[in-house]
Number of protein chains: 2
Amino acid sequence: MVGRPAVPEVIWARPERAGRGPRPAFSRADIAAAAVRIADAEGFDAVSMRKVAAELGCGTMSLYNYVPRKEDLYELMLDAVSGDYEFPEPSGDWRADLVALAHQARAMMHRHTWVPRLMSPVYGFSPNALRYLEYTLSCLDGVDARFGEKMELIAMVNGVVTTYVANEIATAERSRSLPWSEEQEHAARTGYLISQIATGKYPRMAAGFAEDPGPIDLDGVFDRALHRVLDSFDR
Amino acid sequence: MVGRPAVPEVIWARPERAGRGPRPAFSRADIAAAAVRIADAEGFDAVSMRKVAAELGCGTMSLYNYVPRKEDLYELMLDAVSGDYEFPEPSGDWRADLVALAHQARAMMHRHTWVPRLMSPVYGFSPNALRYLEYTLSCLDGVDARFGEKMELIAMVNGVVTTYVANEIATAERSRSLPWSEEQEHAARTGYLISQIATGKYPRMAAGFAEDPGPIDLDGVFDRALHRVLDSFDR
DNA sequence: CCGCACTACGTACGGTGTACGTAACTACGA
DNA sequence: TCGTAGTTACGTACACCGTACGTAGTGCGG
């Protein structure tokens with residue numbers, strides 16, 4: 001009997017090893033690593049219970065002994081990649097520390113492009129997420145602000161990071177799984193956009209795109225947005 | 001022969017009615033409305049080609065005459081709900097105008113809670129999206145800034161709106177589709193959180209949550225974040 | 001040492017997106 | 001005017017998904 005819970009359960013509250021029965025063949029870290037490997041290699045949508053089980057070398061339904069619902073697998077994946085963070089001693093300059101942390105997060109999301117799709121306050125309490133939050137708070141130790149204000153700052157920084165990286169990834173990967181090339185895709189979309197602008201219904205966009213500032217500097221856009229958020233909390 | 005395209009296609013570039021053949025039984029607006037009805041009533045994940053076709057009263061595969069891929073259905077849905085926007089004459093106070101627009105967007109997303117999940121720059125060029133963008137630019141007509149700066153402002157405002165509403169919705173709907181009550185879910189999660197904090201590994205979070213400021217004022221959090229972004233562009 | 005809680009896993013069900021084939025229909029080119 | 005090409009309509013079929021359920025084997029707690 002598998003024993004699906006009739007009551008909510010946080011996977012982290014579950015012991016990895018139960019008292020009775022044979023010792024589990026895999027650890028949570030094994031499972032998370034397998035799922036991350038698949039997501040990195042074949043894309044997030046390729047992560048299925050069957051494929052993860054195959055990657056581990058076990059039967060599909062055996063996975064459900066470790067992971068009661070697929071959502072919990074996602075939680076394991078997020079926690080696993082959050083283990084990549086390095087948390088150096090806070091420097092005393094909280095702005096610099098948060099910028100460094102945001103850059104770490106951005107780099108991690110570019111390594112694991114599926115992460116922004118999972119980001120949600122629902123998955124906020126995995127062990128590594130708690131470590132991350134505690135460290136971020138430690139960077140703000142010298143700041144004279146209420147706890148709530150600090151949390152709002154952290155939420156805004158995290159929001160900017162995931163939003164911007166999600167956009168960067170979306171534009172970069174849009175054509176990856178499509179049966180045509182990136183140039184073709186881009187040509188089709190800008191071609192349509194040009195045809196719309198040419199109707200004269202969007203004069204301001206027409207004027208704007210007429211300037212043609214060349215390719216967008218994604219790093220610059222990201223850093224400007226990040227610093228704007230930090231500035232808005234710096235009094 | 002259905003004729004799936006071998007080359008990228010923007011659905012908006014496709015004429016609604018082709019020259020030959022029987023007249024289509026439905027308009028794009030009909031299809032979008034049906035999909036929106038399902039998503040509103042049963043949740044985004046309930047939107048399937050079969051259900052939309054059933055809602056319209058036609059065979060499943062007939063839908064593919066109108067919508068080559070499911071992604072295009074999403075695009076139709078986003079455009080449909082974007083038609084709800086009202087675009088009053090800009091007041092001359094661009095901050096107030098953008099705040100009003102952000103509140104409209106937030107209200108719309110609360111009416112259609114699946115919208116944040118679809119928000120992506122990939123779906124940026126539907127007719128109503130272009131109208132929205134052009135109107136927002138018109139609110140910034142008096143502002144002395146380059147086109148690129150204005151676009152960055154708009155992107156940040158949109159990002160804040162979707163991020164914050166997505167969070168509001170996620171926390172509100174988390175337990176809706178689960179087989180247990182919201183109280184049970186909340187109890188399980190906070191119970192685990194408390195147990196973790198009690199380990200002493202997270203002193204700053206422990207101190208913060210000890211204050212217990214009562215329920216979170218979501219409207220206030222949203223407005224503060226929005227105004228911070230606007231402030232950061234106001235020199 | 002018994003019994004039970006656990007692990008392992010095959011089968012099966014109801015769902016998904018969509019490729020493909022066929023039949024009916026209509027507007028255009030000759 | 002008429003044939004035909006291109007469109008609409010739609011049933012069938014395939015590969016895949018999450019996961020409920022049943023069964024068999026395993027090893028610790030009482």
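Each chain gets a letter, A, B and so on, in the order its sequence line appears, and its residues count up from 1. These figures come from a predicted structure and were not determined experimentally.
If you take NZ of B:K51 and C1' of C:dG17, they are 14 Å apart, rounded to a whole angstrom. The CG-P distance, from B:L63 to D:dG11, rounds to 13 Å in whole Å. Going from atom CZ of B:R17 over to atom P of C:dT26 covers 9 Å, rounded to whole Å. Separating the CD1 atom of B:I31 from the P atom of D:dT8 is a distance of 11 Å, rounded to the nearest angstrom. The CZ-P distance, from B:F26 to D:dT7, rounds to 19 Å in whole Å. Rounded to whole Å, the distance from CG on A:N65 to C1' on D:dT19 is 13 Å. B:M49 has its CE atom 15 Å from the P atom of D:dG11, to the nearest Å. In this entry the distance linking CG of B:D30 with P of D:dA9 reads 12 Å, nearest Å.
Between A:Y202 and B:Y135, the distance separating the two ring centers is not shorter than 6.0 angstrom.
Remark: A:S62 is in phosphate contact with C:dC9, judged by side-chain N or O atoms under 4.0 Å from OP1 or OP2.
Counting non-hydrogen atoms under 4.0 angstrom, B:A53 reaches nothing in the nucleic acid. As judged by a 4.0 angstrom heavy-atom cut-off over every strand, A:Y66 is placed among residues touching the sugar-phosphate backbone only. Among the atoms of the strands shown, only primed sugar atoms or phosphate atoms (P, OP1, OP2) are found under 4.0 Å from some heavy atom of A:S48. Across all strands, B:V67 comes closer than 4.0 Å to no nucleic acid atom at all (heavy-atom distances).
Between the CG atom of B:L118 and the CZ atom of B:F44 there is a distance of 4.0 Å, given to the nearest 0.5 Å.
Relative to the side chain of A:T60, the nucleotides D:dT19, C:dC6, C:dT16 differ in distance, and D:dT19 lies closest. When distances run from any side-chain atom of B:Y64 to the nucleotides C:dT7, C:dC28, C:dT18, the shortest one goes to C:dT18. You'll find that the side chain of A:P22 is closest to D:dG25, out of D:dC21, D:dG25, C:dT18.
Closest approach of B:A105 to B:V161, counting heavy atoms only: CB-CG1, 3.9 Å.
Counting atom types as modelled, A:R50 pairs a side-chain N or O with a base atom of D:dG18 as donor and acceptor under 3.5 Å. Judged by distance alone, with hydrogens and angles left aside, A:R23 brings no side-chain donor or acceptor close enough to the base of D:dG27 to form a pair under 3.5 Å.
Between the side chains of A:S126 and A:D79, at least one donor-acceptor pair of N or O atoms lies under 3.5 Å. Side-chain contact check for A:N65 and A:S62: no donor-acceptor pair (N or O, by modelled atom type) lies under 3.5 Å.
Nucleotides of DNA chain C nearest to B:A46 and B:R20 differ in position, and the one nearer the 5' end is that of B:A46.
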